[in-house]
Amino acid sequence: MNTIIDFFRNSVKNFPDKIAVIFEESEISYKQLDNLVNSLSNSLTHLEKASIVSIYLENSTDFVVSYLAILDAGMIAHLIPTNLRKEKIQKQLEISQSKLVITSKSMINKINSISYNCEKIIFVESNYNETHPNEAIKIHNENAYLIFTSGTTAEPKGVIITQSNTIFTTKNIVNVLKYTESDVNVLPLPLSHSFGLGCLHASLFVGSTLVLIKNATNTMNILKEIKQYNATTFAAIPLTLNKILKEHDDYSNYFRNLRLIITNSTSIPIKTVEKYRDILKNGFLATYYGLTEASRSTFMIFDKLGRETSVGKPYNGVMIKIQNESLNELETGQIFIKGDNVIKNYWNNLEADKKIIDYWLQTGDLGHKDSEGYLYLDGRIDYLINVAGEKIIPDDIETVVKVLTDVEDVVAIGIKNEMYGEIVKLFVKKSVNSKITKFEILSQCIKNLESHKVPREIEFVDDFPRNEFGKIQRFKLK
Amino acid sequence: MNDIEIKKIFLQVFPDLEESEFNWKKKQNEYENWDSFSHLNLITLIEETFDISISDDDVIKLKSAEMLLNFIEKNK
């Protein structure tokens, strides 16, 4: 099996009548899913091979069909997060040179308001072409999908993931977390992110059932779906896991059948790890560390006491090294990753490609190992802020606030928060005689930024700590 | 007075929300865009407007405009 479509079709062959995806009470079997994928894929073959086709959809069966159809047609799927502001979407479309956007009736207006010229279609089943064109043109492209991440500058970086990266990572997920065809996987994570998409791949790979949920806000709905479908696995960010503990006293009633809860490397409070270890009598909580550029680089299974703050160890030939002046991996240094899960290059971005040296990806994350090689995260080498897994460049926020004439200078940093991992704090130096209020600054942010970038705290300062050259020392504000 | 301010904050955090659609009893999960991040934005604006501080435990319990209004009336 060399491609994502190969492993999907393998499951179609082995389990044609099995339910592949459940979404809002509607179920679709592997065979039915394959028919829809084939039809939509046939409708895309008018595009030049290896074209970029963008998906701007919320979690839905339509998303899964569109994604697989794009790959089946030999195109590259560009996944656009639905919470992006339209200027950012436009930037991504321009950089990727997308030829077509697949979206929904409720979201087409936003796409149409963007001044980027390409084909735009609303996902409806009448898009499908039931005829069968020449199958020979459906050669799968080695580049599978494109996701943009925050760089350290305002320019987003396109991360192009190959079929071989995906096959390697999917096998890794399946082997380490022991996914089988009898699993029922509840997924309230966006499929446009690496975490959610990896869970979809694992589910399709083994031929299990995926219960897809549009968003993670309604924790009662998540618990109900876990119970209703006798789910065996559940994937969620730490924020959702913490919310479940705080919002529902009877959560353990819903988890009886679960064998696995998988979360990701945003910091998890030790208490949360301990609670879930207690609740999951017949299963375990696991986490992983990875970037879009190097998906699932380590896994940590919390099946025994100790190492509650570790993100685990690499598996199957993935290598992690810590680089610091002391040459001692037990001390904090920058994390580098090498392995078949690591991208070879970014999307048309030679500057970003410099981060990959001899196949080692320079992550920008700081960490250390313990004597048995378990990895622990210690923050960032730059000032990227991580709010519940959403990475934010401070410059994005600062630029929006600096536009206000009453603001002389501004610095955004991330500060620790139990629920969200980090939240944004803004330090503002007002202009002389300025009467600007925190409310006005917040309003400016809400109007111009995605909701996860809006500061939770604002502090007015007379000046910032600076070095001898006048450069602001952000670390002193932490 | 408090109710007018709260309504204003809702319309600011959810710019697609028509004033006629605003409903005091409508809960977080009935809003299309009221996710965990927008929730935090609502809370931050409310804290700033009413000069109060809302604990993390209370933050997650306040799931409708009515609940936010009651909280403010009790704690202000």
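A, B, ... follow the sequence lines: proteins, then strands. Residue 1 opens every chain. In this text, all values refer to a predicted model and were calculated from it rather than measured experimentally.
- A:Thr437 OG1 to B:Glu48 CD: the interatomic distance, rounded to the nearest 0.5 Å, is 7.0 Å.
- A donor-acceptor pair is defined here as one N or O able to donate and one able to accept, closer than 3.5 Å; such a pair exists between the side chain of A:Tyr420 and the backbone of B:Ser36.
- The environment of A:Glu274 atom CD is dense: over 12 non-hydrogen atoms of other residues, nucleotides or ligands sit within 6.0 angstrom.
- The shortest heavy-atom contact between B:Ile54 and A:Arg456 is O-NH2, 4.2 Å.
- Options A:Glu390, A:Lys246, A:Met220 differ in how many heavy-atom pairs under 4.5 Å they form with chain B, and the most are formed by A:Lys246.
- Counting heavy-atom neighbours within 6.0 Å of B:Asp51 CG, excluding the residue itself, gives a total of 12 or less.
- Considering OG of B:Ser38 and CD of A:Glu450, their distance stands at 11.5 Å, rounded to 0.5 Å.
- Summarising the local packing, CD of A:Glu87 is surrounded by more than 12 heavy atoms from other residues, nucleotides or ligands at distances under 6.0 Å.
- For chain A, the option among B:Lys61, B:Glu47, B:Lys27 with the highest count of heavy-atom pairs below 4.5 Å is B:Glu47.
- For the pair B:Thr44/A:Leu442, a side-chain contact is recorded, criterion being any heavy-atom separation below 4.5 Å from C-beta on.
- The shortest distance between side-chain heavy atoms of B:Tyr31 and A:Thr217 does not fall below 4.5 Å.
- With a 4.5 angstrom heavy-atom cutoff, A:Leu239 touches chain B only via side-chain atoms.
- Salt bridge present: B:Lys63 and A:Glu247 bring a charged side-chain N and a carboxylate O closer than 4.0 Å.
- Once rounded to the nearest 0.5 Å, the distance linking CG of B:Asn41 with SG of A:Cys445 reads 9.0 Å.
- In A:Lys402, the NZ atom is crowded: over 12 heavy atoms of neighbouring residues, nucleotides or ligands sit closer than 6.0 Å.
- Going from atom CG of A:Asn221 over to atom CG of B:Asn29 covers 8.0 Å, rounded to the nearest 0.5 Å.
- For A:Lys447, no part lies near chain B; criterion is any non-hydrogen pair under 4.5 Å.
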Worksheet item: Run the side chain to side chain contact (heavy atoms under 4.5 Å, CB included) check on B:Leu40 and A:Val387 step by step: do they pass?
Response: CA-CA 11 Å; B:Leu40 218 49; A:Val387 179; 5.7 Å; no

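- Here A:Ser451 contributes atom OG and B:Trp34 contributes atom CH2; the two are 13.0 Å apart, rounded to the nearest 0.5 Å.
- Annotation for A:Lys120: atom NZ counts as buried by contact number, over 12 foreign heavy atoms lying within 6.0 Å.
- Contact annotation: the side chain of B:Phe37 never approaches that of A:Val454 to less than 4.5 Å [non-hydrogen atoms, C-beta and beyond].
- Going from atom CZ of A:Phe439 over to atom CG of B:Leu45 covers 5.0 Å, rounded to the nearest 0.5 Å.
- The two residues B:Gln12 and A:Ile446 make their nearest non-hydrogen contact at O-CG2, 3.6 Å.
- By the neighbour-count criterion of 12 heavy atoms within 6.0 Å, atom CG of B:Asp57 is densely surrounded, having more than that number from other residues, nucleotides or ligands.
- Counting heavy atoms from C-beta on, the side chains of A:Asn242 and B:Ile60 never come closer than 4.5 Å.
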